[in-house]
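Atoms within a ligand are numbered from 1 in the order they appear, just like the ligands themselves.
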Amino acid sequence: MLAPVRPSACPGLLRIVPALDGGICRIKLPGGVLRSAQARAIAEAAQQCASGVLELTNRSNLQIRGVLPGQESTLIDALLGAGLGPRVAAADDVRNLLLSPAAGLDPHMRMDVRPLASQLLDLLQDTPALHALSPKFALQLDGGEALAMREHPHDLWLAAEDETHLLLGLAGCPSDAALARVEVTQAVELVRQLLLLFLELATPEQARMRQLLAHIPAAADLLQRLQTRLDFPLQPVPARWQPGADVERAPAGIYPQAQSGLRMVAAGAQLGRLHADQLLAIAELSERHGDSELRLTPWQGLLLGNVPEAKAGELLSALAELGLLTQTDEPLLGLVACTGSAACARGLADSKQHALQLAERLRENGARPQVHLSACPRSCASARVQPYTLLASTPEHYQLYQRTPEVPGFGRLLAPDMTIDEAGAWFARQHPAGTPDA
Ligand code: SF4
């Protein structure tokens, strides 16, 4: 029997929160993986109980939008029946562990992190004390894959050094300095003790690791305290360790796989959205050509793995026919847009519609910038700062920012007041066709 759901403004599977277009139900997927039968269950429930609009999130989760009044319980029961729920209600919010969508498949991986990911998710679910973590508190497990979004700020990260060792970092991502090294067999106890220590030290206002670290002299102090709770040593970080490179642009196309004769096929969802009909068709494709698993990506797209080499092209074409983005030069692959004023009360502008308009301009002029359109400063749609941000200032105007290490937040303000067509023309001047992405 599921215990009561705790109050929060964030949607969950058991906590459907209202928006202008109806309720939002967020389904947290272990490692971003959705089995085809579960995808079907979600699609059918979204058609019956909601608008059929689905959203892929930047943490590789999935949301059902437009949940109809009075349909909440039916929807939740259908999702629980498909095995998509937490073991106890209080654990729903804390199932936040980001992996590469290519975990276990990527030829560049240093470690197949899937078994450890499963253990860490068990730890989060089965330790009642950890259910007090904020719904936003998140862990990242980096196996060294080439297809990975490392620049995705987390509260705690573990990155594979080799097949048996992991490096630990706090409040950042694997491109930041690592603090300690452990054996892979010690990782679950390390995370357990670190999270319990965090909860002991943090005040109610310090929901995230970076907030706690801002109030203690140094991360080293936290590590010293952590060491006293462990019966194994925290080892020094080897000087030679380098994190894997980050993938800047959303993946699309056919990728090599570690396993011989198999391929990974990746595609983007237009501005992170799919319709239930598309999800039903993708579930069927994953059974016909892949391993019956859909891996959601932090670029708000999908990856299907274990596809026989001879079938990969056919699968990619089928995904394109469904309306997914399969060409790397598609301008929409470089655009991220929040829900915007069409469905969010905080939105100043219809950012999704404006992103489509910007994509049209870019298609005409050949520029391929990476741009985040945000209809208010909360910046929900992108966990990392994109090279460019268009922040709505009126229903038809945006401020244009460029990311720079010197200026926190969105970066340097380049233009205070641009229409979307003006922004399209600006990108064409700055990034003419054929020049590298921003
Ligand atoms: S960024 Fe603002 S307008 Fe956009 S979805 Fe989030 S809260 Fe709504």
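Between Tyr401 and Phe410, the ring-plane angle classifies as tilted under the 30° and 60° cut-offs.
Judged by distance alone, with hydrogens and angles left aside, the side-chain atoms of Arg15 form a donor-acceptor pair with the main-chain N or O of Cys10 at under 3.5 Å.
Using a 4.0 Å cut-off between charged nitrogen and carboxylate oxygen, Asp421 and Arg361 count as a salt-bridge pair. Ion pair Arg288/Glu284 flagged as a salt bridge, since at least one NZ, NE, NH1 or NH2 atom sits closer than 4.0 Å to an Asp/Glu carboxylate oxygen.
Tally of protein N, O or S atoms closer to atom 2 (Fe) of ligand 1 than 2.8 Å: 1.
Residues meeting the ring pair (Phe, Tyr, Trp, His ring centres under 6.0 Å) test with His289, sequence neighbours left out: none.
Taking the centre of each ring, Tyr398 and His354 come in below the 6.0 Å mark.
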